[in-house]
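Below: one structure, written as C-alpha cells.
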Amino acid sequence: MHLITFATPALLLSRVLAGAAIERNNNPDYKDMDDQFNIFKDANSRFEGAICKSEITTKYFPTLVIPHNFRGGCVRYYQGIDMTGVVTEVDLFFPHVKTACDCIAACLTASTSCTNWVWKHTGNPLDGGRRSCTLYSSPNLPSGVTLDYNLALSSGFQLLQDANNPQVGGGAPITVLANGQPDPFGVSGFLTQDANGLLYC
C-alpha cells in the first residue's frame, strides 16, 4: 500500500518560514540588514515612467511621497486596464474632471475613502461620449475570490450597487473605446495613505 500525502500551500509556507528561522537562529553571521536583502537599490528609477508628473506634485499634495530627484507623478497605474472594484463608487464627469490626472487628484483628495481610480469610457449618457472618472475603495478581485459584503456591519462606504454584491472576482477588464476596440488611453491605478498620513500613488 502506498500512502500519498499532499502538502497544503499554508503547510509549505510554514516549513519555508520555519527553515528561514532556523537558519537565522543557528547562524551567528546572519544580519537582518545585510545588503543582499535590499531589492530597492534602483527602485526610484520607476518614477521615470510616472504619469501626471506636473499635475500630481507635493505642491498640491504636501504629504505625497516622491523621490527627491523627481518633480512628481504616480507610478502605481495600469495602462489600458481597469483594476478597480465595486465599493464606494463615485462617478465624476466632464467638466469636473477633464483628464486622467484630474481623476487621480480626485482620489488623492478623498484618500480616506478612495484607493482605486479609473479613467475610461463607460457609455454613461452623462459623460457625453468622453472618458470619465470613477473612484472606488476596493480593487478588482482575482478570479478565485468572491466577496459578499454585509452592509449592516459596514461603514464609511458610499454607493455599492446591488448587482455588485456579492463582488465576483475575474480578470481585470480592458478599457475600450465606443466601438469596442481597446482604448490605449484608458488607465486605472491605486493609491494608499500610510499610518503616518503619507500618500503614495
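A donor-acceptor pair under 3.5 Å links the side-chain atoms of S45 to the main chain of D42, judged by distance alone.
In this structure, the separation between OH on Y60 and OG1 on T109 is 12.0 Å, given to the nearest 0.5 Å. A distance of 7.5 Å separates CD in Q193 from OG1 in T112, rounded to the nearest 0.5 Å. To the nearest 0.5 Å, the span separating CZ on R71 from CD on E55 amounts to 8.5 Å.
More than 12 heavy atoms of other residues, nucleotides or ligands shown are found within 6.0 angstrom of CG on N38.
Side-chain atoms of N124 and T122 include no donor-acceptor pair closer than 3.5 Å. Looking at Q161 and E89, their side chains do bring a donor and an acceptor atom within 3.5 Å of each other.
Sorted by first and then second residue, the ring pair (Phe, Tyr, Trp, His ring centres under 6.0 Å) pairs with a member in residues 74-127 form an empty list; sequence neighbours excluded.
Cysteine sulfur proximity is satisfied for C74 and C201, their SG distance being under 2.5 angstrom.
Grouping Ile, Leu, Val, Met, Phe, Trp and Tyr by side-chain contacts under 4.5 Å, direct or through others, puts V65 with L198, Y200.
Considering every non-hydrogen atom in both G73 and I66, the closest pair reads O-CD1, 3.4 Å.
Among the candidates N116, V118, D183, the single residue satisfying the side-chain contact (heavy atoms from CB on, under 4.5 Å) test with D82 is V118.
In terms of the salt bridge (charged side-chain N to carboxylate O under 4.0 Å, His left out) criterion, K31 has no residue partners (sequence neighbours excluded).
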